[in-house]
Number of protein chains: 2
Amino acid sequence: MPELDAIDRKILGYLQNDSRLTMQELADKVGLSVSPCHRRVKLLEERGVISRYIATVDQKALGLHVSVFISIKLARQKEEDLNRFARAISKWDEVLECYLMTGNRDYLLRVVAADLASYETFLKTKLTRLDGIASIESSFALSQVKYSIALPV
Amino acid sequence: MPELDAIDRKILGYLQNDSRLTMQELADKVGLSVSPCHRRVKLLEERGVISRYIATVDQKALGLHVSVFISIKLARQKEEDLNRFARAISKWDEVLECYLMTGNRDYLLRVVAADLASYETFLKTKLTRLDGIASIESSFALSQVKYSIALPV
DNA sequence: ATTCGATTGGTAAAATATCCCAATATCGAC
DNA sequence: GTCGATATTGGGATATTTTACCAATCGAAT
């Protein structure tokens, strides 16, 4: 796995903020001509450094006014239990993020919903129906102060 | 603000997962021809429903092995204090997400770093130097079970 | 200096986005 | 139902952009 040089990191920095830049614009920004810039981008894609290209959608425009962080403890923490939980979580579109945590909770989830009623539906029909959950604690977000997908390069 | 119909939502669903689909491919998937599909996409962009197009980068490939959730309480919660905190946070690339929360903490942050040492540097040179912070509590993520940018449509 | 390997830059062809206009569908009023 | 007005669709021409090829350049080791 070859290292990322300064130009690669510049490319990643720009594409993380706007993937619709043309190769010409990107090349200008990083100080290359189109050809080598293009090859570098393709290489970054092939190596999996760039994993995908996506559109980001405004949460409010979709009417998703509720963001919730959920702390979860499992009854048991054997690998099999963790895997079963991970598989279930992964299927649900409402769950945007899930982390296995250190400390006194096992998982931290970020979930979005249209309103409190639909969040309650998510809890009742999905999350609380999972086996092996010892406790669930919801914390609500009043507002999103910052949300970025761009990793520091 | 016109409502999003079923086709709009389909478009958003596909573009949230792969914005490199050609108009032809996208049009086929949603059951339109290229022209109306293209116009709908442009409209979604103009209305701000689609906010941006970005490349997602592999966190491991960048050597960012540490993900931390930080709970923060401020000494005071006047609007001015909140704004000052928000402004500071927004400048720092290490902070990917920040939410104003209900309950007994004020903010929840998600921060990434290369390793524990650089996380410590972030804490010492940035976060703890802010005025008006009453308490900071870090929880570390052992692994990312799910991470999605795609909102449910 | 010279050679080898890797990276670069220009160019041309292919793929794609974008715009215009006619045709079609949708909705409300009668 | 029928008509008319409005919004939406589809096809085709044009402009942009991506992509592949090849010669030129750069860098390092000898």
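So that the names make sense, note that chain A is the first sequence line, chain B the second, and so on, each numbered from 1.
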In whole Å, I'd like the distance from the [atom1] atom of [X] to the [atom2] atom of [N].
{"X": "A/Leu26", "N": "C/dG9", "atom1": "CG", "atom2": "P", "answer": "13 Å"}
{"X": "A/Glu25", "N": "C/dA17", "atom1": "CD", "atom2": "C1'", "answer": "14 Å"}
{"X": "B/Leu21", "N": "C/dA15", "atom1": "CG", "atom2": "P", "answer": "18 Å"}
{"X": "B/Arg20", "N": "D/dT18", "atom1": "CZ", "atom2": "P", "answer": "7 Å"}
{"X": "B/Asp28", "N": "C/dT16", "atom1": "CG", "atom2": "C1'", "answer": "14 Å"}
{"X": "A/Asp8", "N": "C/dA6", "atom1": "CG", "atom2": "C1'", "answer": "14 Å"}
{"X": "A/Met23", "N": "C/dG9", "atom1": "CE", "atom2": "P", "answer": "14 Å"}
{"X": "B/Ile11", "N": "C/dA17", "atom1": "CD1", "atom2": "P", "answer": "13 Å"}

Exercise: do [X] and [Y] side chains pair donor with acceptor under 3.5 Å:
{"X": "B/Gln16", "Y": "B/Tyr14", "value": "no"}
{"X": "B/Ser118", "Y": "B/Glu94", "value": "no"}
{"X": "B/Arg105", "Y": "A/Ser139", "value": "yes"}

**Item:** Pairwise side-chain contact, B/Tyr53 with A/Asn17, heavy-atom cut-off 4.5 Å (strictly under)
**Value:**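 A side-chain contact under 4.5 Å is absent here.
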**Request:** Report yes if some heavy atom in the side chain of A/Gln24 is under 4.5 Å from a heavy atom in the side chain of A/Ser33; otherwise report no.
**Result:**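 No. Closest side-chain heavy atoms not under 4.5 Å.
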**Asked** What about the rings of B/Tyr107 and B/Tyr99, do their centers lie closer together than 6.0 Å?
**Response**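 They do not qualify: ring centres at least 6.0 Å apart.
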**Message:** Here's a test of your reading of the structure: between A/Arg39 and A/Thr22, which maps to the more 5' nucleotide of DNA chain D?
**Reply:**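 Looking at the nearest nucleotide for each, A/Thr22 comes out on the 5' side.
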Heteroatom pairs (N/O) under 3.5 angstrom, protein to nucleotides 11-15 of chain D:
residue, atom, partner, partner atom, Å
D/dG11, N7, B/Ser35, OG, 3.0
D/dG11, O6, B/Ser35, OG, 2.1

**Message:** For A/Phe140 and A/Phe69: C-alpha separation, side-chain torsions, deciding distance, then whether ring-ring contact (aromatic ring centres under 6.0 Å, His included) applies.
**Reply:** CA-CA 6 Å; A/Phe140 293 86; A/Phe69 285 87; over 10 Å; no
**Asked** Would you say A/His38 reaches D/dT19's phosphate, i.e. side-chain N/O to OP1/OP2 under 4.0 Å?
**Response**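 Yes, within the criterion.
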**Message:** Under 4.0 Å, heavy atoms only, any strand: does A/Arg40 hit a base, just the sugar-phosphate, or nothing?
**Reply:**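 Sugar-phosphate, backbone atoms only, no base.
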